Amino acid sequence: MATSSTKTKSSDDPILQWVTFKLAGETYGINVMQVQEVLRYSEIAPVPGAPSYVLGIINLRGNVVTVIDTRHRFGLESGEINDNTRIVIIEADNHVVGILVDSVAEVVYLRQSEIETAPNVGNDESAKFIQGVCHKNNELLILIELNKLLSDEEWLDLEDV
Amino acid sequence: MTINTPEDSVCDYLAALLYEDVSAPEMPQADDSGVDLKDQARVLENGGRAHNIEPAKVPQEPADRVPVSQDLKVNSDSPTRAPVPTSVPRTTKPSGKAPQNAPEQDVALVDREKLNRLLSSAQPQLLTAPVPTPLKEPTPALIPEPIVEPQAAEQEPNVEVVEQHEAAIDLDWHDNGRPHWAQDRFDVLLFKVYGLTLAVPLIALGQIQPITEELTPLFGQADWFMGLQPTPMGQIKTVNTALFVMPERYDAEFLKTAKYVVSIDGLEWGLAVDSVQQPKSLDPTDVKWRTSRTQRPWLAGTIKAHMCALIDVRNMGALLMAADRNKKG
């Protein structure tokens, strides 16, 4: 009986795992199911004519992967590359891309009920990338909706890259 | 709906009002000569020390332990400096009416009960301070016990407080050009926002929390959105008040000087302020009520005696709520 109750509760309030990373001093989270791997920073080959939010491409075991400038995409100031810089390979909207982050922190477990809706004020379209926020371990996690990171047109542009 | 931030500075507005409004009725001048604000503040701060303590019956004799300077320090610098709390049911609701010619009662008449709650809410750190707690009737939330999810445990009593308070608030405006809460004498708390003094009716205040390093900005938001300030009662969507009310005079220095966030009761929004000043009890005639609130919907009126702008909390809240696209139906 208790097990059944627990199962019901967990299905109503599923626990999700989030990979957290740092960007401009803030902590962000992305769904672990969309993370394929985390790479140390390696040289990114710029692509002439690519959109401004594209840093370039890398060779990942024979596959070309486009790397997105996450800071630029989020409207943040650009940062410097250091030993903590990582390229997180993600799958979003059936596309595989890399996102450049300052560092990768950990994997946290969050109940769905712990996630709060973030405000969306202003006219900047990038606000839609924020899926929600969660106060965890004395810090506020900003959870990113990766599937909204690029529009359909922008995904097409990436394919051209 | 988008936010139309005022283009004219409130200071200009206040100055213009003072010099142009020759036909306005004579405003009673503020007279705080008989008020010992330090003593008053001590009394107020002694009324409660944790956000979830029921506001206390304020003792008439001020305590000596809480220093208060010109600005009422709502955030204890030292967690070990804990005022002696008392816990008494909320039965000391002051009368809304008082003699207008009693300046010494100006501060004393304010809704101490409400203010106690606000001030105590600014001291969440005291909850964890190792201080002896001679509580007479500790609330269930304060009873030490293993807490698996401290946030949830702390939020429950506050939800109750908010609900209780919401039921008592009527922010509508009457035909006489005044809001419901200003039909008789009413209490306001004054705040400093980069040189500008703002007054917020006490009845509409939620909590006062210190702005900490945990204030988290979110990308893609309007400039006047400072970020989310985690508090024991949840996130407060913090507004850069200086930028919101007087963008033409905005100085980014405000980001360094802002110390507190004052939340609007019932809303998740709060206003960043530099300092919290003394409470005031006002007569409705002390206020030059705005007849047209189209340009600055958040402005209820101006208080000449204190050279400050009185915030229309209902409209301010409506503006903020409307600006949040994630809250729109």
Side-chain angles (χ1 to χ4, degrees), chain A residues 9 13 15 20-29 53 68-79 99 101-102 109-145 148-151, chain B residues 1-5 124-125 128 148-152 154-155 209 211-240 243-244 247 261 263-264 267-270 316-329:
Chain A
K9 185 176 180 181
D13 189 13
I15 296 177
T20 66
F21 61 85
K22 292 279 188 180
L23 208 57
E26 305 301 337
T27 306
Y28 296 85
Y53 55 85
I68 293 174
D69 185 347
T70 319
R71 279 179 175 255
H72 182 281
R73 194 64 184 152
F74 290 175
L76 305 172
E77 293 180 358
S78 57
I99 58 173
V101 301
D102 292 353
Y109 293 75
L110 301 179
R111 288 193 179 278
Q112 184 69 41
S113 59
E114 292 181 287
I115 300 173
E116 301 175 34
T117 304
N120 184 355
V121 295
N123 299 315
D124 198 319
E125 286 299 310
S126 62
K128 69 184 178 186
F129 306 152
I130 301 177
Q131 180 175 345
V133 295
C134 178
H135 193 228
K136 191 81 172 179
N137 300 331
N138 293 325
E139 67 178 353
L140 199 68
L141 285 178
I142 304 170
L143 306 177
I144 301 299
E145 176 68 89
K148 294 182 179 177
L149 195 57
L150 295 174
S151 67
Chain B
M1 181 176 177
T2 58
I3 290 283
N4 294 317
T5 53
Q125 66 272 33
T128 57
V148 178
E149 296 178 350
Q151 268 195 318
E154 290 173 0
Q155 285 175 357
Q209 294 286 348
I211 292 178
T212 68
E213 292 180 350
E214 288 188 84
L215 177 70
T216 305
L218 299 178
F219 62 81
Q221 309 295 320
D223 291 341
W224 50 262
F225 181 74
M226 281 181 69
L228 293 171
Q229 174 63 56
T231 75
M233 285 168 269
Q235 326 292 342
I236 297 180
K237 300 169 184 173
T238 306
V239 175
N240 184 327
L243 186 57
F244 191 82
V261 55
S263 75
I264 300 172
L267 299 181
E268 298 169 332
W269 290 90
M316 175 72 91
L319 279 172
L320 296 172
M321 293 285 287
D324 189 351
R325 283 179 287 179
N326 281 352
K327 285 292 182 185
K328 290 181 179 177

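In the text below, chain A, chain B and the rest are named by the order of the sequence lines, each starting its count at 1. No experiment lies behind these values; they were computed from the predicted model shown.
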Region of A:E26 that comes under 4.5 Å of a non-hydrogen atom in chain B: side chain
What heavy-atom pair brings A:A127 and B:G220 nearest, and what distance separates the two atoms? CB-O, 3.4 Å
If you count the non-hydrogen atoms of other residues, nucleotides and ligands that lie under 6.0 Å from NZ in A:K22, is the total more than 12? yes
Using a 4.5 angstrom heavy-atom cutoff, name the option from A:T27, A:I130, A:T117 with the most pairs to chain B. A:I130
Would you call A:P119 and B:L228 a side-chain contact if the rule is heavy atoms closer than 4.5 Å? yes
B:E214 side chain near A:L140 side chain, heavy-atom distance below 4.5 Å: no
For the atom pair OG1 (B:T216) and NE2 (A:H135), what is the distance rounded to the nearest 0.5 Å? 7.5 Å
Can you find a heavy atom in the side chain of B:R325 that is under 4.5 Å from one in the side chain of A:K128? no
Distance col, row A:E139:CD vs B:E213:CD, nearest 0.5 angstrom, shows 12.5 Å
Any idea which heavy atoms bring B:N326 and A:A118 closest together, and the distance? ND2-O, 2.6 Å
Check whether B:D324 reaches the backbone of A:N120 with its side chain - one donor and one acceptor, N or O, closer than 3.5 Å. yes
Counting heavy-atom pairs under 4.5 angstrom with chain B, the leader among A:V121, A:D124, A:V133 is A:V121
Measure A:I144 against the heavy atoms of chain B and call it side chain, backbone, both or neither at under 4.5 Å. side chain
Return the OG to CD distance between A:S126 and B:Q221, rounded to the nearest 0.5 Å. 7.5 Å
Separation between OG1 (B:T212) and CG (A:N138), nearest 0.5 Å, reads 10.0 Å
Students often mix this up, so state it plainly: with edges at 30° and 60°, are the rings of A:F74 and B:F219 parallel, tilted or perpendicular? parallel
